[in-house]
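Computed over heavy atoms, backbone and side chain alike; hydrogens, waters and symmetry mates excluded. A quick note: this is a predicted structure, and the numbers were derived from the prediction, not measured.
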Amino acid sequence: MKRHILILNGPNLNRLGRREPEIYGTTTLADVEAMCVAAAHGNEITFRQSNREYEIIDWVHEGIDTADAIIINPAAFTFYSIAIVDALKMFKGPIVELHISNVHSREAMYHNSLVSPYATAVMAGFGARGYLLAIEAVLDMLDPGAETAEK
Ligand code: DHK
């Protein structure tokens with residue numbers, strides 16, 4: 001069954017690759033999107049980024065009716081956006097909260113995620129590759145044991 005995975009990215013991730021490369025690496029967000037599409041095994045990937053909280057919320061709302069799973073890197077919104085959490089609570093499919101860096105080994109302001117209690121799973125510290133791992137994980141959550149070879 002072809003699945004639709006919505007991948008959302010929060011503020012400052014538009015500068016991935018140039019932003020604190022010692023923490024986030026040199027892979028750009030466009031590179032990450034291309035990697036995700038290539039690794040989707042023929043499933044549909046919608047990949048978006050915004051520095052605006054309301055856009056993330058609107059996209060989650062769209063996903064309620066159109067997506068099978070959400071992978072979200074809320075970036076700084078992770079730690080204070082109740083509005084994004086409220087939107088995610090309406091989504092009935094798997095939700096993966098993803099962080100490129102290991103937020104728990106960083107400054108204390110990055111340690112308390114508002115999203116984690118409502119996420120199916122949380123990933124942090126895998127770098128850009130985390131997006132690929134998250135795609136594999138949600139496809140297996142949706143269709144356990146299904147061949148992920150391109151149909
Ligand atoms: C990205 C950000 O922009 C930070 O605000 C988070 C997250 C970490 C990441 O590692 O992808 O704290």
Side-chain angles (χ1 to χ4, degrees), residues 2-60 62-63 66-81 84-85 87-88 91 93-144 146-151:
K2 182 172 179 179
R3 295 295 190 170
H4 176 203
I5 302 172
L6 175 59
I7 302 176
L8 300 177
N9 295 277
N12 298 299
L13 289 169
N14 53 305
R15 294 190 60 82
L16 195 64
R18 294 168 291 168
R19 173 197 180 194
E20 297 181 276
E22 70 281 3
I23 295 172
Y24 299 106
T26 56
T27 305
T28 68
L29 200 64
D31 293 336
V32 173
E33 179 175 9
M35 288 159 54
C36 290
V37 170
H41 305 291
N43 296 284
E44 183 182 355
I45 300 287
T46 299
F47 191 99
R48 295 176 179 159
Q49 182 279 332
S50 180
N51 298 325
R52 299 170 185 86
E53 187 180 17
Y54 79 87
E55 283 193 312
I56 302 281
I57 292 162
D58 287 350
W59 291 335
V60 172
E62 275 182 43
T66 63
D68 295 298
I70 294 177
I71 297 168
I72 183 166
N73 182 342
F77 291 151
T78 306
F79 312 102
Y80 68 89
S81 176
I84 289 176
V85 171
L88 290 170
F91 184 74
I95 297 170
V96 174
E97 176 190 346
L98 181 146
H99 301 284
I100 293 165
S101 65
N102 178 1
V103 291
H104 301 292
S105 68
R106 299 181 59 197
E107 301 95 312
M109 65 183 176
Y110 298 134
H111 291 177
N112 182 37
S113 167
L114 299 184
V115 174
S116 296
Y118 305 97
T120 310
V122 181
M123 302 174 68
F126 287 107
R129 186 177 52 193
Y131 287 85
L132 305 184
L133 298 173
I135 288 170
E136 294 297 328
V138 296
L139 288 174
D140 195 54
M141 288 177 197
L142 291 166
D143 303 302
E147 285 299 311
T148 52
E150 191 146 342
K151 300 295 179 215

Participant: Output, in order, the C-alpha distance, side-chain angles, deciding distance and verdict of side-chain contact (heavy atoms from CB on, under 4.5 Å) for Ile72 and Val96.
Facilitator: CA-CA 6 Å; Ile72 183 166; Val96 174; over 6 Å; no
Participant: With no hydrogens and no angle check, is any side-chain donor or acceptor of Glu97 less than 3.5 Å from a backbone partner on Met123?
Facilitator: no
Participant: What distance do Thr28 atom OG1 and Asn14 atom CG have between them, rounded to the nearest 0.5 Å?
Facilitator: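 Here the interatomic distance stands at 11.5 Å.
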Participant: Given Asp68, which partner from the list Leu142, Asn43, Asp143 fulfils the side-chain contact (heavy atoms from CB on, under 4.5 Å) test?
Facilitator: Leu142
Participant: The test is side-chain contact (heavy atoms from CB on, under 4.5 Å); show your working for Tyr118 and Ile95 and say whether it passes.
Facilitator: CA-CA 8 Å; Tyr118 305 97; Ile95 297 170; 5.8 Å; no
Participant: Are any side-chain N or O atoms of Ser81 and backbone N or O atoms of Thr78, one a donor and one an acceptor, separated by less than 3.5 Å?
Facilitator: no
Participant: Answer yes or no: is there a side-chain heavy-atom contact under 4.5 Å between Leu8 and Phe77?
Facilitator: no
Participant: Which atom pair, heavy atoms only, marks the closest approach of Thr120 to Pro94?
Facilitator: OG1-CA, 3.4 Å
Participant: If you define the side chain from C-beta out and look only at heavy atoms, does anything of Thr27 sit under 4.5 Å from Met35?
Facilitator: yes
Participant: How close do Tyr131 and Cys36 get, counting heavy atoms only, and between which atoms?
Facilitator: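 Looking at all heavy atoms of both residues, the shortest contact is CB-SG, 3.7 Å.
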Participant: What distance separates Arg3 CZ from Met141 CE, expressed to the nearest 0.5 Å?
Facilitator: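 Rounded to the nearest 0.5 Å, the CZ-CE separation comes out at 13.0 Å.
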Participant: Who are the side-chain contact (heavy atoms from CB on, under 4.5 Å) partners of Glu22, not counting sequence neighbours?
Facilitator: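 Listed in chain order: Glu20.
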Participant: Between atom CG of Asn12 and atom CD of Gln49, what is the distance when rounded to the nearest 0.5 Å?
Facilitator: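 The distance works out to 8.0 Å.
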Participant: Which value, rounded to the nearest 0.5 Å, describes the distance between Thr46 atom OG1 and Ile7 atom CD1?
Facilitator: 8.5 Å
Participant: Could you tell me whether a side-chain N or O of Asn73 sits under 3.5 Å from a main-chain N or O of Gly10, the two making a donor and an acceptor?
Facilitator: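 Answer holds: no.
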Participant: Taking all non-hydrogen atoms of both residues, which atom of Leu132 and which atom of Ala39 are closest, and how far apart?
Facilitator: CD2-CB, 3.8 Å
Participant: Apply side-chain contact (heavy atoms from CB on, under 4.5 Å) to Leu13 and Ile100, showing your working.
Facilitator: CA-CA 10 Å; Leu13 289 169; Ile100 293 165; 4.1 Å; yes
Participant: Can you name the closest pair of heavy atoms from Phe79 and His111 and give their distance?
Facilitator: CE2-N, 4.3 Å
Participant: Please evaluate residues Arg106 and Ile23 with respect to the criterion side-chain contact (heavy atoms from CB on, under 4.5 Å), reporting the C-alpha separation (whole Å), side-chain torsions for both, the decisive distance (0.1 Å), and the verdict.
Facilitator: CA-CA 10 Å; Arg106 299 181 59 197; Ile23 295 172; 3.8 Å; yes
Participant: Quick check: do Leu29 and Phe47 have side-chain heavy atoms less than 4.5 Å from each other?
Facilitator: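 A side-chain contact under 4.5 Å exists here.
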Participant: Could you give the distance from CD1 (Ile5) to NE2 (His41), rounded to the nearest 0.5 Å?
Facilitator: 9.0 Å
Participant: Using modelled atom types and a 3.5 Å cut-off, is there a donor and acceptor pairing between side-chain atoms of Asp58 and backbone atoms of Glu55?
Facilitator: no
Participant: Run the side-chain contact (heavy atoms from CB on, under 4.5 Å) test against Thr66 and tell me which residues pass, sequence neighbours left out.
Facilitator: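 Partners of Thr66 under the side-chain contact (heavy atoms from CB on, under 4.5 Å) test: His4.
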Participant: Which heavy-atom pair separates Pro11 from Ala76 by the least distance, and what is that distance?
Facilitator: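 Smallest interatomic distance, heavy atoms only, reads CG-N, 4.2 Å.
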Participant: Please give me the minimum heavy-atom distance between Leu6 and Trp59, naming the atom from each residue.
Facilitator: CD2-O, 3.5 Å
Participant: Quick check for you: to the nearest 0.5 Å, what is the distance between Leu133 atom CG and Ile135 atom CD1?
Facilitator: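 Nearest 0.5 Å value for the CG-CD1 distance: 9.5 Å.
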Participant: Tell me, do Ser113 and Val103 make a side-chain contact under 4.5 Å, heavy atoms counted?
Facilitator: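 A side-chain contact under 4.5 Å is absent here.
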